[in-house]
Structures are given as C-alpha cells and as structure tokens.
Amino acid sequence: MNSEVIIIGAGAAGLMTAVTAARRGRRVLVLEHNGRVGNKILISGGGRCNFTNYLATPDNYLSGNPDFCKSALARFKPQQFIDWVEQHGISYHEKKLGQLFCDESSRQITGLLLQDCAEAGVEILVNTKVTGVEAAPAGEGSARLIVQTDKGPMSCESVVVATGGLSFPKLGANDIGYRIAKSFGLNVTEVRPGLVPLTFSPRDVNAYGELSGISMDVVVSCAGRRFRENILFTHRGLSGPAILQISSYWKEGQPLTIDLSPDEKLEEWLVSKQPERTELMNVLSQRLPKRFVQAWCARDCPSKPINQFAIKKLREIAQTLHRWEIYPAGTEGYSKAEVTLGGVDTGELSSKTMEAKRVPGLFFVGEVVDVTGHLGGFNFQWAWASGAAAGGCA
Ligand SMILES: Cc1cc2nc3c(=O)[nH]c(=O)nc-3n(C[C@H](O)[C@H](O)[C@H](O)COP(=O)(O)OP(=O)(O)OC[C@H]3O[C@@H](n4cnc5c(N)ncnc54)[C@H](O)[C@@H]3O)c2cc1C
C-alpha cells in the first residue's frame, strides 16, 4: 500500500477529508471497520439526513474553546455543501429553522460523497479495523506515521483520525480516536452523551411516567441556555427536540425550567376564570394537554372548583406552570445519544488545519474533536467544515 494520506473512518468527516485531499492530488486511502461506509449518515434525520443548517454560526457549537470552530466554519460554509448537493441533482427542503433535509433519502448524501471520492481516486477499504497509530521509525522515507490494522501495518505521511464519538455503539462507535490521541500524549477532555433524552427521578416517573406520547411546545432553560421547541414525554423521562438541545448543557443535579405556555401568559387568564365553578383541572386543560394537567394536579396541586382558589394562589399556579421545574435523574446514555460532547482537546490542534500541534502529520476531524453542534444539521456542517480544513493540508 503506497498512500500519502490514510483516513481512519468513512463517516461524514472522513469522506469529506478524503475528497478534499484527493482533489489536491494526494494519494488517499480510507479505512473503515464496518462493512459499509457512512452508517450514521444513512440513519440520520430519520433516513433523510439533515445534511446542514444554513443558519449555522459558531454559537451553535459547544466546546472547551468556543472560538476554535470559527476558522473552519468560516472557510466551508453551509452554502458550499448546498451547492454540492444541487450539482448532484439532489432535491431537498427546509424542515424548520434552517434545517435542510433530502427530499428522498440519506443514501443520496453517501452517494454524493462516494461518487466524488471515486472520481478523485480515493481508495476505500471496508472491514478494516484500525487498532492504533505510531510514529514511523526515522529513515523510513517520507513516512511519518504507521497505522496498525487487523490487515497489518500501513505507513503514510499523514493520518486523519475521523472515527467519531461514542454515541450509537451498535453502529460501530468506539473510543479508538481518543486512544490514538492519548497514545501521542494529547489531552482528551471529559466526554459525555449529548443530544440525548433525559430520565425522570423515581418520584417523577411515578407522577409522569404514564404520559408517554404527549408532546408540548415549550421553552426549556438550563445553565443560561434556552430552546423553544417541542418536548415529548416518554415512559422513562423527557425527549423531543427541546430536551435533546438542552441535554447538551444539562449536568447532573441541575434543574430544567420549562415554560409550558410560552405564547400566552396564564396568570391573567386564570384569574379571569376565578368566578367560575369549573374544576381547576378542566380550566387548565383548555390550555395544556389534559393528561398532563391530571398528573400535575394529582401530585402538585389537588384540583377543586376554581372559585375556591384565592386569586393569589391562582397567580402562583400560573407562575409554576411558566416555570415548571424538573430535576432529571440522568440521560439515556450513548445508546440513544446523537452525539458525544467533549473529545480531543482543541488546544492540541490547529484551528486552521486540524493538525495536532505536537505531532506533525496527525489530524483529527469531526465528532472526535471537542466541538459539538446543536440539533439541526450543525454536526454534519462541522464534519464537512473540519474535513475540508484537514483535507486542504493533510
Ligand atoms: C441517530 C442519529 C441521527 C443523527 N442525525 C443527524 C442529522 O440529521 N444531522 C446532523 O448534523 N447530525 C446528525 N447526527 C450526528 C452526526 O451523525 C455525527 O455528528 C456525524 O456523523 C459525525 O461524523 P464523523 O465522521 O465525525 O463520525 P462518524 O459518522 O461516527 O464516523 C466515524 C467512522 O469511523 C469508523 N470507525 C470507528 N472506529 C474505527 C476503527 N477502529 N477502524 C476503522 N474505522 C473506525 C466508524 O465505523 C464510522 O464509520 C446524528 C447522529 C445519530 C446517532
């Protein structure tokens, strides 16, 4: 094997790096341990791949260094990927909030990447597992690094680690990228599941565990961040886009504050109902899902005719519903998380090229790096942008 650049992982970031480097005339080999490429692309966006978000800005990313992603994102913009999608005749639509999805299938995105890889002369070896990377002994020609695989060692000038994070282990996710970084003495920040459903405490499971399937449009806040989207009750806790978004900011022990009626102030409305004899539960059900109101009243505010509540108490009830507090017990873990927060410390990498500052020829791109996007196409945009940055130099 006589490759100049070896890319570990044929996901979004790896394939993007491969095309970019091969178009510069580099001899590129991609190693993938699964039997097919782009598993996560294929299942993403419910099979339609939310391939970018045209509203992406650095503020849509979490990282130990929020400035790190700026350079790569500025040099590979969502429009560049959109142009590419259009050149391939792939039709797409905006679902909401700048999120672009294929009209037909995620397969069109892997198809686009594979076709352009083939045209640029990229070689892809599937069913090939990488077990480590080492520095090449001095005097091995231009080879700087050796990639250890289950098919034997392979040497090259540059290695791009595009092995993703820990989420969805059933698709082949594992910690090899972090292990490679650590084996060269590079720091890896603490990792945890992100964009993940949260679980109820035992007390909340008793109260709300039966509400599975109920969805509400809310504003959820935690740790200074807020998201306006839907929440979805599950048997074990809360999910839905608003929860997935806030889960990346939530840490154990913190409460989520949820405004259950973001468009209408409930206070004056509830007070205006005070002269009526209707049960509080039935009044609240005019604004909130009935099953939720039943569960909430059963635990937090026994229902009775609304005219038996003092005005002060009704104001309090309204405020509680605008600031409903939940203390999640935990997350559903990597098996349900869309991404991994944390990763290879950005302080170890050049933000222009993704190359390790202390290990010439070793690059890290995509989710393995400590840069994590919000829900909505931002993670693929980071994969494309960081891949383009590394591919321009590796
Ligand atoms: C269910 C789900 C839906 C998602 N939907 C979206 C979406 O619609 N939009 C969006 O922006 N983001 C979405 N994401 C997140 C997005 O998929 C990831 O952020 C993105 O795929 C990361 O790209 P990557 O190339 O860095 O890593 P990956 O896509 O994880 O690719 C890493 C590759 O490395 C390979 N690999 C790992 N270890 C080895 C080894 N030892 N040897 C060889 N190969 C190895 C893996 O098999 C894999 O192919 C979703 C994630 C999930 C789990």
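Whatever order the structure lists ligands and atoms in, that order sets their numbers, starting from 1.
Checked by distance only, ligand 1 and S167 stay at 3.5 Å or farther apart across all their nitrogen or oxygen atoms. Taking distance alone, with nitrogen or oxygen atoms compared against 3.5 Å, V339 stays at or beyond that limit from ligand 1. Where the criterion is an N or O separation shorter than 3.5 Å, residue side chain and backbone included, A13 meets it with respect to ligand 1. Backbone and side-chain nitrogen or oxygen atoms of V368 are examined, and none is located within less than 3.5 angstrom of a nitrogen or oxygen of ligand 1.
Atoms of ligand 1 lying under 4.0 Å from any heavy atom of A12, numbered from 1 in the order shown and given with element: 25 (O). Using a 4.0 Å cut-off to heavy atoms of N34, the atoms of ligand 1 that qualify are 47 (O). If you number the atoms of ligand 1 from 1 as listed, the ones under 4.0 Å from a heavy atom of G377 come out as 9 (N), 10 (C), 11 (O). Those atoms of ligand 1 that come under 4.0 Å of a heavy atom in G366, given as number and element, are 26 (O). Counting the atoms of ligand 1 from 1 in the order shown, those under 4.0 Å from a heavy atom of E367 are 18 (C), 19 (O), 20 (C), 22 (C), 26 (O). For ligand 1, the atoms lying closer than 4.0 Å to a non-hydrogen atom of L31 are 43 (C), 44 (N). Contact atoms of ligand 1 toward G45: 5 (N), 8 (O) (distance under 4.0 Å to a heavy atom of the residue).
Note: F292 and Y208 have parallel aromatic rings, judged against thresholds of 30 and 60 degrees for the angle between ring planes. The aromatic rings of W384 and F380 sit parallel to each other, their planes meeting at less than 30°, with 60° as the upper class boundary. The aromatic rings of F233 and W324 sit tilted, their planes meeting at an angle between 30° and 60°. Note on ring orientation: taking the six-membered ring where Trp is involved, the planes of Y92 and F51 are perpendicular (angle over 60°, cut-offs 30° and 60°).
With a 4.0 Å cut-off on non-hydrogen atoms, F378 touches ligand 1 through its backbone and not its side chain. Contacts with ligand 1 closer than 4.0 Å are made by side-chain heavy atoms of N174 only, the backbone lying farther away. Of all the heavy atoms of T128, the ones lying under 4.0 Å from any atom of ligand 1 belong exclusively to the backbone. Contacts of F168 with ligand 1, taken as heavy-atom pairs under 4.0 Å, involve the side chain alone.
Taking only non-hydrogen atoms, the option from V130, N379, T340 nearest to atom 42 (N) of ligand 1 is V130.
Closest to atom 30 (O) of ligand 1 among all protein heavy atoms lies K40 NZ, 3.6 Å. When hydrogens are left out, the protein atom nearest atom 13 (C) of ligand 1 is F380 CE1, 3.9 Å; that is the closest non-hydrogen contact. When hydrogens are left out, the protein atom nearest atom 5 (N) of ligand 1 is S44 CB, 3.3 Å; that is the closest non-hydrogen contact. The closest protein non-hydrogen atom to atom 14 (N) of ligand 1 is E338 OE1, 3.9 Å. Protein heavy atom at the shortest distance from atom 27 (O) of ligand 1 is G164 CA, 3.3 Å. Counting protein heavy atoms only, atom 43 (C) of ligand 1 is closest to H33 N, 3.2 Å. Atom 9 (N) of ligand 1 has its closest protein heavy atom at N50 O, 3.0 Å. The nearest heavy-atom contact from the protein to atom 31 (O) of ligand 1 is G11 CA, 3.5 Å.
Ion pairing of R48 with D103 is absent here, as no side-chain N (NZ or NE/NH1/NH2) approaches a carboxylate O to less than 4.0 Å. Taking the charged nitrogens against the carboxylate oxygens, D116 and R23 do have a contact shorter than 4.0 Å, which makes a salt bridge. Ion pairing between a basic and an acidic side chain is recognised when a charged N comes within 4.0 Å of a carboxylate O; R228 and D263 show such pairing. Between E279 and K304 there is no salt bridge, since no side-chain N of the basic residue sits under 4.0 Å from a carboxylate O of the acidic one.
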Check your understanding: Under the salt bridge (Lys or Arg N to Asp or Glu O under 4.0 Å) criterion, do R226 and D259 qualify, and how do the steps go?
Key -> CA-CA 10 Å; R226 61 205 299 273; D259 183 346; 5.9 Å; no
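Just one of D370, L73, T372 meets the side chain to side chain contact (heavy atoms under 4.5 Å, CB included) condition when paired with Y61; it is L73. Checked options L31, I8, V365; the residue passing with T163 is I8 (criterion: side chain to side chain contact (heavy atoms under 4.5 Å, CB included)).
The closest donor-acceptor contact from the side chain of Q274 to the backbone of F309 lies under 3.5 Å.
The salt bridge (charged side-chain N to carboxylate O under 4.0 Å, His left out) contacts involving residues 68-79 comprise D67-K70, where partners must be two or more places apart or lie in separate chains.
Within the model, atoms CZ of F101 and SG of C49 stand 8.5 Å from one another, a figure rounded to the nearest 0.5 Å.
Looking at residues two or more places apart in sequence or on another chain, you find a salt bridge (charged side-chain N to carboxylate O under 4.0 Å, His left out) between R26 and E4, E157.
Contact annotation: A162 has at least one heavy atom less than 4.0 Å from an atom of ligand 1.
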